[in-house]
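Everything numeric here is computed off the predicted structure, so don't read it as measured data.
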Amino acid sequence: TDTVTIVAVLQKLGANEDLFALVFGESCLNDAVGIVLYRTLATFLHKRVTAGSVAFGFVSFIAVFLGSVLIGVGVAFLASLIFKTKFLRHHHTPLESCMVILFA
């Protein structure tokens, strides 16, 4: 199913914001895992499959995945610090909207 369609339907129905965040987050995580897994397995097209190469692929997958998670958590923490300030929220709504799009 198309996540954009589901998110649009959830907004139209006025669904709980937590449900909206869960669906969107799952979609992003699903896409990221698929990309990393594809890139890891694509390296085996040009190499012999040995125990060492499989172990290297596994370690590479875990390293890229954990690195991506750490970057995501860092950016999310920074964004939450910026968006939680009352000055930004009450005085600069257009700026806040632009920054949300920038962080996305």
Side-chain angles (χ1 to χ4, degrees):
T1 59
D2 186 20
T3 306
V4 175
T5 304
I6 292 172
V7 168
V9 169
L10 289 175
Q11 280 184 331
K12 274 234 182 219
L13 294 175
N16 187 350
E17 289 181 13
D18 291 338
L19 179 61
F20 174 83
L22 285 172
V23 168
F24 184 73
E26 187 275 334
S27 168
C28 290
L29 184 63
N30 230 1
D31 293 348
V33 169
I35 291 168
V36 172
L37 188 59
Y38 172 79
R39 293 189 71 187
T40 301
L41 293 176
T43 61
F44 290 115
L45 292 175
H46 306 292
K47 292 182 180 179
R48 285 186 64 202
V49 179
T50 63
S53 64
V54 171
F56 178 75
F58 181 74
V59 169
S60 173
F61 176 81
I62 295 298
V64 169
F65 183 76
L66 289 177
S68 299
V69 168
L70 289 175
I71 291 170
V73 167
V75 169
F77 183 70
L78 178 65
S80 69
L81 287 175
I82 291 172
F83 295 133
K84 290 291 181 178
T85 62
K86 292 183 187 274
F87 178 76
L88 182 66
R89 187 180 308 164
H90 295 294
H91 299 291
H92 298 290
T93 305
L95 177 61
E96 182 182 13
S97 300
C98 292
M99 290 181 73
V100 167
I101 292 170
L102 177 68
F103 274 99

### Message
Under 4.5 Å between side-chain heavy atoms, counting indirect links through other Ile/Leu/Val/Met/Phe/Trp/Tyr residues: same cluster for Val59 and Ile62 or not?
### Response
no

### Task
Taking all non-hydrogen atoms of both residues into account, name the closest pair between Phe44 and Val54 and its distance.
CZ-CA, 3.8 Å

### Message
Counting neighbours of CZ on Phe58 that are heavy atoms of other residues, nucleotides or ligands and sit closer than 6.0 Å, is the number greater than 12?
### Response
no

### Task
Establish whether Phe77 and Leu70 are linked, either directly or via other cluster members, by ILVMFWY side-chain heavy-atom contacts under 4.5 Å.
no

### Query
Between the side chain of Ser68 and the main-chain N/O of Val64, is any donor-acceptor distance below 3.5 Å?
yes

### Hydrophobic cluster membership, Phe65 vs Leu37, 4.5 Å side-chain cutoff
yes

### Message
With clusters defined by side-chain heavy atoms of hydrophobic residues (ILVMFWY) lying less than 4.5 Å apart, directly or transitively, does Leu66 cluster with Val36?
### Response
yes

### Query
Does atom CZ of Phe61 have more than 12 heavy-atom neighbours, drawn from other residues, nucleotides or ligands, at distances under 6.0 Å?
yes

#### Entry: Interatomic distance, Phe56 atom CZ to Thr40 atom OG1 [nearest 0.5 angstrom]
9.0 Å

